[in-house]
Amino acid sequence: MAERELKKRSTAARESEEAAEETPGASAAGQKLKEELDDLLDEIDEVLEENAEEFVRNYVQKGGE
Amino acid sequence: MAVPKVCGIETEYGIHHVGGDNPVVSSSLLVNAYVTDLTRAGWDFEDESPGNDARGFTREGAMPPEVETHLVNAVLTNGARYYVDHAHPELSTPECADPLEALRYDKAGEEVLRRSMRSVARLLPSGQKIVVYKNNSDGKGNSYGTHENYLMDRALPFAKLADLVTSHFVTRQIYTGAGKVGSEASSGRDVVYQLSQRAEFFEEEVGLETTLKRPIVNTRDEPHADPKRFRRFHVIVGDANLAEVATFLKIGTTALVLALIEDDALGGVDVRLANPVRAIRQVSYDLSLAEPLELRDGSRATALELQWELHDLAAKYAEDRGLACLGDEQVGRMVMERWEQVLHGLETDPASVASQVDWAAKLQLVEGYRERHGISWDDHRLAAVDLQYHDLRPERSLFQRLGTERLVSDEDVISAVSEPPKRTRAYFRGECLRRFPASVASANWDSLVFDLGSGPLRRVPMMDPLRGTEEHTGELLAGSSSPAELLTRLSA
């Protein structure tokens, strides 16, 4: 029990250490994704199969493995 | 020292045949169409490489499909197996030497399925089409699998392995989950979105089943290698990932945790869960990632905290012993960096890892769509968005349009469609099929059988996944002008 609490503290400590040095690559990728998401949402109805209800209903698989 | 974690991924793809009614037949058509087109391409290609065919061997891109109880089974020149399993097309990657290579061959598998869709489209009557999805559930309670395989030391007692790896399987979902709108289990009645496609289909901790009463740890013991030295640890609990970072981390962190267990490097830290079957659902249903799980020692910790514990143990292990167990030190370091980054991203803001983690990417898409249209969570359009995230057709794939982060280049993926990995026995299998297709009577994971036209069939066993590499057999193959010469030199 005590050990687990110690671990939690070390996680919290790491968080404050690293929060400052946010990786620029990751946030740039996040921003790019956000823009692409907006673009995609603008055109998504053209990409989506026409009759969503029927499309979803007809997708039936046999279990596998 | 841990056995190098040779690894591979088997994916059962979802298949929808508009105008068809038998998924077994549709799957066979799809796989056959690909293999037939490859053979044709092989003939065309023949004229362009005169040096390769001085002895009248047909050049084919794959072994002729073998029809067993109407099911197709082909082995490809990249060392992969492409076949029909139950009612799904399935592709097993070749044995890969490290997690980055496993990612590359997993992506090459997607490319094989895309090419198959194009091939079969030319054969179908007008009005019909076959569409393939890389997901694990039809949203109606039917699940199909994505399985991982890792080479393990036979000396490690299985009970110890099962006991320790379970916590990783339950908690890794926070970055390996492919995301799902809604729930298919009674336990998830109020769930509108969850991390994993597969989690709620697991009902046991340990067992042999894969289709009923699915266990978190599967006990199938089929090593496809020397059974005295090796075990093939067969993992059935994962989701199929499209995001490259997710696939890379799924394989990389699991291989590393397995090495830790093999080398007894958990240092007395007890991460075992009180009730893994309950916990795997809890984690999948908890989008806040904040719900604590009960541990066997009576304490509580979140999935994120347990992942940090495993990460820290792996970091210590890497410092003490290096990461050769992952097949490549540099790839091993990349696993550690990515693991830390994704855990940090998840605890800061899950949206920040949307370009790396499928469930987070899909959630953004579904949330965005819901807000724009002001629709409720049970609207069919959200289920359609979910399904189409996994659609492999380039013009329909929502995943592809999201532009998530890449770890492998298109060129490397394309070459992996036809060329085998160089650092495992898949090299020998793939190269023999490429050079001498007419003389390979059958190809299996642990053997090749040659038919030289006269005399008995000759079997070449490959009981060690780390032999038969380019280093071991490259010169031998290059210097053999016929399969007969190859066999003579092999037995010399």
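Here is the naming used below: chain letters follow the sequence lines, and residue numbers restart at 1 for every chain. Keep in mind that this is a model prediction, so the values were computed, not measured.
Contacts between B:E395 and chain A at a heavy-atom distance below 4.5 Å involve the backbone alone (N, CA, C, O). Only the side chain of A:I44 comes within less than 4.5 Å of a heavy atom in chain B; its backbone stays farther off. With a 4.5 angstrom heavy-atom cutoff, B:V385 touches chain A via backbone and side-chain atoms both. Heavy atoms closer than 4.5 Å to chain B are found nowhere in A:N51, neither backbone nor side chain. Heavy-atom distances place no part of B:T146 under 4.5 Å from chain A, backbone and side chain included. With a threshold of 4.5 angstrom between heavy atoms, B:A383 approaches chain A through its backbone and through its side chain. For A:L48, the parts sitting under 4.5 Å from any heavy atom of chain B are the backbone and the side chain alike. Of the two parts of B:D349, neither the backbone nor the side chain holds a non-hydrogen atom closer than 4.5 Å to a non-hydrogen atom of chain A. Heavy atoms of B:R393 lying under 4.5 Å from chain A belong exclusively to its side chain. For a residue to count as touching a neighbouring chain, one of its non-hydrogen atoms must lie under 4.5 Å from one of that chain's; by this rule A:E43 touches chain B with the side chain only.
Using a 4.5 Å heavy-atom threshold, the side chains of B:R396 and A:E49 count as touching. No side-chain heavy atom of B:V18 sits less than 4.5 Å from a side-chain heavy atom of A:N58. Annotation: side chain of A:L37 is not in contact with side chain of B:Y369 (no heavy-atom distance under 4.5 Å). B:Q388 places a side-chain heavy atom less than 4.5 Å from the side chain of A:F55. Between A:D45 and B:R372, the closest side-chain pair of non-hydrogen atoms is not below 4.5 Å.
Annotation: the span from A:Q61 atom CD to B:E12 atom CD amounts to 10.0 Å, rounded to 0.5 Å. The CG atom of B:N22 sits 6.5 Å away from the NZ atom of A:K62 when rounded to the nearest 0.5 Å. Separating the OH atom in A:Y59 from the CG atom in B:N142 is a distance of 10.0 Å, to the nearest 0.5 Å.
The closest donor-acceptor contact from the side chain of B:R381 to the backbone of A:A52 lies at 3.5 Å or more, if one exists at all.
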